[in-house]
Each structure stands twice: as C-alpha cells, then as structure tokens.
Amino acid sequence: MSFRWEEYLLLAQDLSQKGGEAATRSAISRAYYAAYHTARRHRGSRSAVATKSGSHAAVWIAWRDSGNPDWRRAGNQGKVILDWRQKADYDDEVPGLAPMMDKTMKIAGEILHLLGS
C-alpha cells in the first residue's frame, strides 16, 4: 500500500497548533509536500520533465500548462507554495512566517481538492 501524501496536510495542521518557529516552518514544508506529492502522482503530471529548475517546478509547470482550468489553477498555486516552502526550509529569516503558514495550508488543501484528493 502506498503512502497517502495527503496525511502530511493533517500533520501540518497539528504542527500549526504547536507554535514556535520550528513548528511553523515544518508546517509549511509538510503542507507543501502534501500538495506536491499528490500532484506528482496524479495522471496530470505525466508530461512533467525535470529541467534545471528541478522536478518540483516541472510538476507545477505541467499542471499550469494543462488544458484543464482546475489543473492550471493547481499549477499556479503550487508554484507559489514551492517558493514559500523553499524560504521556510532554507532562509534564516522569513518575514511574515505565520501568515505564510496559514496561506500555504489553505492553498495545499485547495490543490488537493482541485486534484480530487
């Protein structure tokens, strides 16, 4: 049985209640990966080809360039939360971290919904 990546969004919700910078950063990351891995495994990602930008960008570009309006929206939103996840995972200082976490979790949930998860 394969892992249900959607469970990462539940973990992100738990982390968001803990407070503290580490939990907030981790919630952003887990919410992003719930959306990314769900998108990556979905049939709409079959055209994704990793480039210099990496496999993450390739998945979101494939969605963004699809003919399905919901999938295009998921691709555009995925790129936004990819940027936020990278900030949370790599930058020493991230202004507006708590609102970023709230938005990331909301968008990740929307992506899961748009992709039928």
Side-chain angles (χ1 to χ4, degrees):
M1 181 173 189
S2 62
F3 180 67
R4 292 182 36 109
W5 291 102
E6 300 89 354
E7 291 182 23
Y8 267 6
L9 189 54
L10 298 174
L11 178 59
Q13 291 166 347
D14 289 344
L15 288 166
S16 75
Q17 300 302 310
K18 288 189 172 286
E21 188 170 350
T24 301
R25 287 172 178 264
S26 295
I28 292 168
S29 186
R30 294 307 86 192
Y32 169 78
Y33 278 109
Y36 168 73
H37 283 294
T38 299
R40 181 187 55 83
R41 286 195 331 195
H42 192 282
R43 62 185 167 88
S45 293
R46 290 192 183 129
S47 66
V49 177
T51 64
K52 286 183 181 180
S53 299
S55 61
H56 290 253
V59 165
W60 300 123
I61 289 168
W63 286 101
R64 186 197 66 207
D65 293 347
S66 78
N68 181 310
D70 286 342
W71 293 5
R72 282 195 308 269
R73 182 174 171 160
N76 288 326
Q77 290 179 323
K79 177 64 174 104
V80 169
I81 63 172
L82 167 60
D83 292 341
W84 292 344
R85 194 273 304 166
Q86 289 172 329
K87 289 178 190 292
D89 283 351
Y90 300 112
D91 292 359
D92 289 336
E93 294 182 27
V94 182
L97 195 59
M100 184 186 294
M101 175 192 67
D102 293 337
K103 291 176 190 172
T104 301
M105 291 189 347
K106 180 181 179 201
I107 291 171
E110 289 175 10
I111 291 171
L112 295 179
H113 176 74
L114 290 169
L115 304 183
S117 292

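The first residue of the sequence shown is numbered 1, and numbering continues consecutively from there. Quick caveat: nothing in here was measured; it's all calculated off a predicted structure.
Centroid-to-centroid, the aromatic rings of His56 and Tyr32 come within less than 6.0 Å.
Minimum heavy-atom separation, Ile28 to Thr104: O-CG2, 3.7 Å. For the residue pair Met105 and Leu9, the shortest heavy atom distance occurs at O-CD1, 4.0 Å. Here the shortest heavy-atom pairing between Ala12 and Arg30 reads CB-CB, 4.1 Å. Shown here for Leu112 and Ala34, the closest heavy-atom pair between the two residues is CD2-O, 3.7 Å. Pairing each heavy atom of Ala31 with each of Ala108, the nearest pair is O-CB, 3.3 Å. Here the closest heavy-atom approach between residue Gly67 and residue Arg72 is recorded as O-NH1, 3.1 Å.
Using a distance-only test at 3.5 Å, with no hydrogens or angles considered, a donor-acceptor pair links the side chain of Ser66 to the main chain of Trp63. The closest donor-acceptor contact from the side chain of Asn68 to the backbone of Trp71 lies under 3.5 Å.
Shown are Phe3, Tyr8, Trp5; of these, the ring pair (Phe, Tyr, Trp, His ring centres under 6.0 Å) with His37 is made only by Trp5.
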Exercise. Step by step, work out the side chain to side chain contact (heavy atoms under 4.5 Å, CB included) result for Tyr33 and Leu11.
Key: CA-CA 11 Å; Tyr33 278 109; Leu11 178 59; over 6 Å; no
Practice problem: Take Val59 and Tyr36 through the side chain to side chain contact (heavy atoms under 4.5 Å, CB included) test and state the conclusion after the steps. | Solution: CA-CA 8 Å; Val59 165; Tyr36 168 73; 3.9 Å; yes
Practice problem: Take Asn76 and Val80 through the test side chain to side chain contact (heavy atoms under 4.5 Å, CB included) and record every step on the way to the result. | Solution: CA-CA 7 Å; Asn76 288 326; Val80 169; over 6 Å; no
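For the atom pair OG of Ser26 and CG of Asp89, the computed distance is 8.0 Å after rounding to the nearest 0.5 Å. Taking CD of Glu7 as the reference point, atom OG1 of Thr38 lies at 10.5 Å (rounded to 0.5 Å). Between Asp70 atom CG and Ile111 atom CD1 the span is 12.0 Å, to the nearest 0.5 Å. The distance from atom CD1 of Ile107 to atom NE2 of His113, rounded to the nearest 0.5 Å, is 15.0 Å. Between Ser29 atom OG and Gln86 atom CD the span is 10.5 Å, to the nearest 0.5 Å.
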Would you tabulate the side-chain donor-acceptor contacts of residues 16-24 under 3.5 Å, counting partners in other chains and residues two or more places apart, or write 'none'?
| from | atom 1 | to | atom 2 | distance (Å) |
| --- | --- | --- | --- | --- |
| Ser16 | OG | Gln13 | O | 2.7 |
| Glu21 | OE2 | Arg25 | NE | 2.9 |
| Glu21 | OE2 | Arg25 | NH2 | 2.9 |
| Thr24 | OG1 | Gly20 | O | 2.8 |

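Residues satisfying the salt bridge (charged side-chain N to carboxylate O under 4.0 Å, His left out) test with Arg73, not counting sequence neighbours, are Glu110.
Contact check on Lys79 versus Asp83 returns a salt bridge, with a Lys/Arg side-chain nitrogen under 4.0 Å from an Asp/Glu carboxylate oxygen.
Under the 4.5 Å side-chain heavy-atom criterion for ILVMFWY residues, no single connected hydrophobic cluster contains both Leu10 and Leu115.
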